[in-house]
Amino acid sequence: MSSYSPELIPECKETQLIRFQSRVVGLTTPARRHSMKIINLCLLISCIFSGLVGLAYLGFDPVVRSLILKKLVLSNTSDTFHIWEDPPISPHLKVYFFNLTNPDEVFNGIDKPRLIEVGPYTYKQKWLKQNITWHDNGTISYKTRKIFTFIRSESCPTCDDEFDNVTTLNVPAISAYYQSRNAPFYTTWSLSGVVWGLGYKPWVTQTVHDLLWGYDEPLFKLAQTFLNDPPPFDKFGLFLLKNSSKESDLGMYSMYTGEGDPYTLSNIQSFNGNQKLKFWNSSDCNRVHGSDGASFNPYIKKGDTLWFFNDQLCRALPMVYDRSISQEGLPGLRFVPRKDVFMSEKSYPENSCFAGPNRETGDGVFDVTVCQFDTPIVLSWPHFLNAEEKYSKAIDGLKPDPKKHGFWFDIQEVTGTTLSAKARIQINMNVKKLKNFSSLSKINDTVIPILWFEEGIDELGTDLINVLKQAAIDPLVWRQYILYILIGLLSTLTLLSMVAVAKVLANRASVAKVERVREQVENIIHGQIAGNDSSAQLTQPMLG
């Protein structure tokens, strides 16, 4: 056989093709496997971080709420206690008097009252907490002394409370007549003689200062001498007790501190040691509850009914959500009195507990005679806003306006802090015709306005706003940051998953391609081997 052997050709070709196939597979597979390891590692890290950030996002609100509630609870060492004890705010009191311009005609029954509104007479308030006592049942008791200072610059241009005279109803004289309406003849005759001797008329002209903060009243002094149950003071003033510095004149409030249940924070537990008043016909209407208006319970919702308790109103007022507001970037909710407040039992049967004999009944008015020393005082919204038409028709000079005369509280819903407030109430007197007394024998039965006032807060100071933002806004900002991070991680995770799927599909396609090449090579090799075998047989020497 010669040095060149045809039998070796197929073996050489097969070896070269196999080496070529191995090189193709060896060059592509390790690189792809390395990239897949990196992608899998990135997926694992992204999953771990996404899970951690997701848990942080889900647990953020409960943790922050728990921290805020813990911070709000009052204790003698907490920061919130010092703010509550000496609030850095300047509440105001604005008073608008109704000047009675035709008293003779009114009390002679020939004309309806013609009123001219004068004011506002504006006073700044300073609140001083006194007799602060901590109790084991999670409450704190206190008295609030209010100091009023007349602010000429914030009053009407010509207003001066010490020099401006106002003609209005003589509340002490009319009250004396009213309380003696069913007395024997000799009592009514004696009372008429005393009033005549003092030169009294059923109306009076006094300075704004005296009408508000008090002046000597001889009738009260006589009552303390001759009556078994006289009024507990010798001066008369519409806001006499508001400006009092006597401990005995200040009501004792007990309020929940939030200890044990932070959601009870700022709710009144009792007034003067009583959890119920004694004026009305049911325990619900007599119940002492709600807030004193300085702050409310934390985490308020739009569907909540808030209660505002004030001893001068002799009841708690329900308030409901009206709209959302913002003050210096701090969000809040506006709450207004529920529509049934000051409604009659005819329009709202649940208010029957406030009804009683000889009390004024009608929509839009609230008779408080029973808790005002039997003085026929009737409360309403200013200018008889939302009251029955019969009340405004009986008076000339009233122009109700919801924007000027509405009642509302703006409250920060997280902390329950009052951001601003306009508590507006009108004081009226129910003047009845009393034939036993000549001074009231001709007048038509009329609910006559005396004044209306606005007590509240215009806005909180910047320092306090910044403190509240830490609780109300900062957590929302941080939660938004966490959400953005979570979205970024999830987006990265999604992208990596798509890349991994693409890599897997590409690898599968590559493997399939290699398999096809391998099959083609094998076919070629086997075909060539078969051809070579045939050629070899044909070229073998013939043996003879």
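In this chain, numbering begins with 1 at the start of the sequence shown.
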Review point. Does the pair R114/D396 count as a salt bridge with the N-to-O cut at 4.0 Å?
Key: yes
Check your understanding: Would you call K301 and E413 a salt bridge, taking side-chain N to carboxylate O under 4.0 Å as the test?
Key -> no
Check your understanding: Given side chains that start at C-beta, do those of L313 and L317 come closer than 4.5 Å, heavy atoms only?
Key -> yes
Exercise for review: Answer yes or no: is there a side-chain heavy-atom contact under 4.5 Å between V341 and W381?
Suggested key: yes
Practice item. Tell me, please, whether F309 has R315 positioned over its six-membered ring: NZ or CZ under 6.0 Å from the ring centre and within 45 degrees of its axis? Key: no
Practice item. Run the ring-centre check on F148 versus W213 and record whether the distance is less than 6.0 Å. Key: yes
Review point. Are the aromatic rings of Y96 and F453 close, with centres under 6.0 Å apart?
Key: no
**Study point:** Pairwise distance NZ(K129) to CD(E85) - rounded to 0.5 angstrom
**Key:** 8.5 Å
Review point. Measuring from T168:OG1 to L100:CG, what's the distance to the nearest 0.5 Å?
Key: 7.0 Å
Review point. With sequence neighbours left out, what residues match Y253 under side-chain hydrogen bond (donor to acceptor under 3.5 Å, both in side chains)?
Key: D311
Point to revise | Which residues share a side-chain hydrogen bond (donor to acceptor under 3.5 Å, both in side chains) with D261, sequence neighbours left out | key: none
For [Y], is there any backbone N or O sitting under 3.5 Å from a side-chain donor or acceptor partner on [X]?
| X | Y | answer |
| --- | --- | --- |
| N281 | A355 | yes |
| Q179 | F373 | yes |
| Y321 | S324 | yes |

Review point. Which of these, R424, K124, K146, K422, sits in a salt bridge (Lys or Arg N to Asp or Glu O under 4.0 Å) with E455?
Key: K146
Can a donor-acceptor pair be found between the side chains of [X] and [Y] at a distance below 3.5 Å?
| X | Y | result |
| --- | --- | --- |
| Q426 | H405 | no |
| N444 | T446 | no |
| D367 | T369 | yes |
| Y391 | E360 | yes |
| T122 | H92 | no |
| S420 | D410 | yes |
| S380 | N428 | yes |

Practice item. Return the set of residues passing side-chain contact (heavy atoms from CB on, under 4.5 Å) with S344 (not counting sequence neighbours), or none when no residue passes. Key: K346, S347, D363
Exercise for review: For T305, enumerate each residue passing the side-chain contact (heavy atoms from CB on, under 4.5 Å) test, keeping only those at least two apart in sequence or located in another chain.
Suggested key: W307, P318, V320, R338
Give the table of side-chain donor-acceptor pairs shorter than 3.5 Å for residues 267-274, with sequence neighbours excluded, one pair per line with atom names and distance.
from : atom 1 : to   : atom 2 : distance (Å)
N267 : ND2    : T264 : O      : 3.3
S270 : OG     : S254 : OG     : 3.4
N272 : OD1    : M252 : N      : 2.8

Exercise for review: Run through W408, F409, F335 and flag the one making a ring-ring contact (aromatic ring centres under 6.0 Å, His included) with F308.
Suggested key: F409
Exercise for review: Output all residues satisfying salt bridge (Lys or Arg N to Asp or Glu O under 4.0 Å) with K276, sequence neighbours left out; order by chain, then residue number.
Suggested key: none
Exercise for review: For the residue pair Y142 and W84, categorise the inter-ring angle as parallel (less than 30°), tilted (30 to 60°) or perpendicular (more than 60°).
Suggested key: perpendicular
Check your understanding: With under 30° as parallel and over 60° as perpendicular, where do the rings of F150 and Y121 fit, or are they tilted in between?
Key -> tilted
